[in-house]
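To keep things clear, I will list the structure first and then write my remarks on it.
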Amino acid sequence: MADMPNFDDRDGFIWLDGKMVPWRDAEVHVLTHALHYASSVFEGQRAYGGTIFKLSEHSARLRKSAELLGFDIPWSVEEIDAACIEVLEASGMKDAYMRPLAWLGSEKMGVSPTGAKPHLAIAAWYWGKYFDPALAAKGIRLAIAPWRRPAPYTAPVHSKAAGLYMIASLSKKFAEDRGFNDALMFDWRGQVAEATGANVFFIREGVIYTPTPDCFLDGITRRTVMDLARRRGVEVVERAIWPEELESFEQFFLTGTAAEVTFVGSAGPWNFEVGDLSRQLAKDYDDLVHGRLVSA
């Protein structure tokens, strides 16, 4: 991933609680509840050619994520959609990464969130490929994460909550410190779950397998790629996948808004090829987001 300039010192505008404010003025107090207690949810979405892909699905998920954390975002899906479009237009970019973020503010401090006011900000910036394209073409290398996805009875696992990314950040750093590009995470049972910010898919004898998202996010890109595969008549199986099974899979790829469709060459001791079906689905996804394919 290419280095980017500091995010607090840029030209442009950020939508903050209903107003467009200069980028450098979009600030919160250090005693913001979210900073101390992770009462925050977010979305990652991409614009291609001036259109934000699956915008309403992202806006709806943002609201649902907040509800799972016990607070309501005081803007409707339609209002969030409109704000995202306003931000993209103000940025002057056609291709952009966008980050809507909702959090509880500084009106209350302490573990209890009662009385803290919900806030919403939306920013857009240029973000190219998540992984170096030359590297990704051969298949990235994944370490096995030292942290595991929690059980659904221990955390709001279906919310895109900032706090749930803490172990993802630790696992990503663990991988990069050892020369890997990312990490494959297992869940609390020891089953294959996801990468640190993307869902996982495996291919064997023309059939696609992906873990059941019962303790991690069922990604919008994940569902999109499953639809694309089924449109080609490819069987997609959602089920539990144990690490011992990985040696039997031929291909492995990741999906996510940032990662798009990324090929995996190895994960821990297991090696994979970048095969025709993976390449076809990557092309189909690229065609779809750029308007060259009817929406899935």
Side-chain angles (χ1 to χ4, degrees), residues 44-49 51-58 60-61 95 129-131 133 135-142 149 158 160 182 184-187 191-195 197-267 270-296:
Q45 51 204 39
R46 280 189 185 268
Y48 299 91
T51 300
I52 305 169
F53 185 64
K54 302 242 173 159
L55 173 57
S56 293
E57 286 188 42
H58 281 286
R61 188 173 67 179
D95 298 320
K129 295 297 183 181
Y130 190 68
F131 296 101
L135 179 66
K138 301 183 295 183
I140 63 171
R141 298 174 62 241
L142 306 185
R149 277 281 156 228
H158 298 297
K160 194 171 175 66
D182 205 336
L184 177 62
M185 302 185 73
F186 301 154
D187 68 16
Q191 295 175 2
V192 174
E194 60 177 354
N199 293 121
V200 301
F201 288 85
F202 305 93
I203 299 174
R204 181 174 61 213
E205 296 179 353
V207 177
I208 297 175
Y209 299 85
T210 187
T212 303
D214 59 359
C215 65
F216 56 88
L217 211 62
D218 180 8
I220 292 171
T221 308
R222 175 184 186 272
R223 295 196 300 268
T224 300
V225 170
M226 291 169 69
D227 288 342
L228 289 169
R230 287 169 175 150
R231 285 170 63 174
R232 286 194 167 274
V234 177
E235 183 181 1
V236 181
V237 178
E238 292 182 86
R239 63 165 172 80
I241 297 174
W242 292 92
E244 306 86 75
E245 192 176 359
L246 295 186
E247 64 182 356
S248 70
F249 292 124
E250 301 149 6
Q251 301 173 48
F252 179 5
F253 62 87
L254 310 179
T255 63
T257 295
E260 298 169 295
V261 177
T262 298
F263 311 130
V264 176
S266 67
W270 301 289
N271 295 309
F272 307 90
E273 64 182 25
V274 180
D276 291 342
L277 182 51
S278 293
R279 294 184 189 277
Q280 183 63 64
L281 290 172
K283 181 180 183 304
D284 287 350
Y285 183 76
D286 192 63
D287 286 344
L288 177 64
V289 299
H290 286 97
R292 298 188 294 267
L293 187 68
V294 176
S295 182

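Residue L246 holds its CG atom at 11.5 Å from CG of N271, rounded to the nearest 0.5 Å. In this structure, the separation between CG on L281 and CE on M226 is 11.5 Å, given to the nearest 0.5 Å. Taking CD of E235 as the reference point, atom CZ of R230 lies at 9.0 Å (rounded to 0.5 Å). In this structure, CZ on R204 lies 14.0 Å from CG on L277, to the nearest 0.5 angstrom. From L254, atom CG reaches atom CD1 of I140 across 5.0 Å, with rounding to the nearest 0.5 Å.
Taking the salt bridge (charged side-chain N to carboxylate O under 4.0 Å, His left out) definition, one finds that D218 meets it with R222, R223, sequence neighbours left out. The ring pair (Phe, Tyr, Trp, His ring centres under 6.0 Å) search around F201 returns F253, not counting sequence neighbours.
Scanning all heavy atoms of the two residues, the minimum distance from A137 to F263 falls at O-CD1, 4.1 Å. Between A267 and F252, the shortest heavy-atom distance links the atoms CB-CE2, 3.9 Å. Across L55 and Q45, no two heavy atoms sit closer than the pair CD1-NE2, 3.6 Å. Here the closest non-hydrogen pair linking L217 and N199 is O-ND2, 3.1 Å. Scanning both residues, A229 and I208, for their nearest heavy atoms gives CB-CD1, 3.7 Å. P213 and E238 get closest at one heavy-atom pair: CD-OE1, 3.6 Å.
Between I241 and V200, every side-chain heavy-atom pair lies at or beyond the 4.5 Å cut-off. For the pair Y285/T255, no side-chain contact is recorded, criterion being any heavy-atom separation below 4.5 Å from C-beta on. Side-chain atoms of R46 and V289, non-hydrogen and from C-beta on, never get closer than 4.5 Å to each other. Taking 4.5 Å as the limit, every side-chain heavy atom of V234 sits out of range of all side-chain heavy atoms of I203. The side-chain heavy atoms of S248 and F202, taken from C-beta on, include no pair separated by under 4.5 Å. Between H290 and Y48, some side-chain heavy-atom pair lies under the 4.5 Å cut-off. For the pair F272 and S278, the minimum side-chain heavy-atom distance is 4.5 Å or more. The shortest distance between side-chain heavy atoms of Y209 and R239 falls below 4.5 Å.
Between R231 and D284 there is no salt bridge, since no side-chain N of the basic residue sits under 4.0 Å from a carboxylate O of the acidic one.
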Would D187 and R149 count as a salt bridge (Lys or Arg N to Asp or Glu O under 4.0 Å) if you check the C-alpha gap in whole Å, the side-chain angles of each, and the deciding distance to 0.1 Å? CA-CA 4 Å; D187 68 16; R149 277 281 156 228; over 6 Å; no
Passes side chain to side chain contact (heavy atoms under 4.5 Å, CB included), R232 versus L228? Steps please. CA-CA 7 Å; R232 286 194 167 274; L228 289 169; over 6 Å; no
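Formation of a donor-acceptor pair under 3.5 Å by the R141 side chain with backbone atoms of S266 is not found in this model. A donor-acceptor pair is defined here as one N or O able to donate and one able to accept, closer than 3.5 Å; no such pair exists between the side chain of E250 and the backbone of E273. A donor-acceptor contact shorter than 3.5 Å links the side chain of T221 to the backbone of T257.
The number of heavy atoms from other shown groups lying within 6.0 Å of CG (D286) is above 12.
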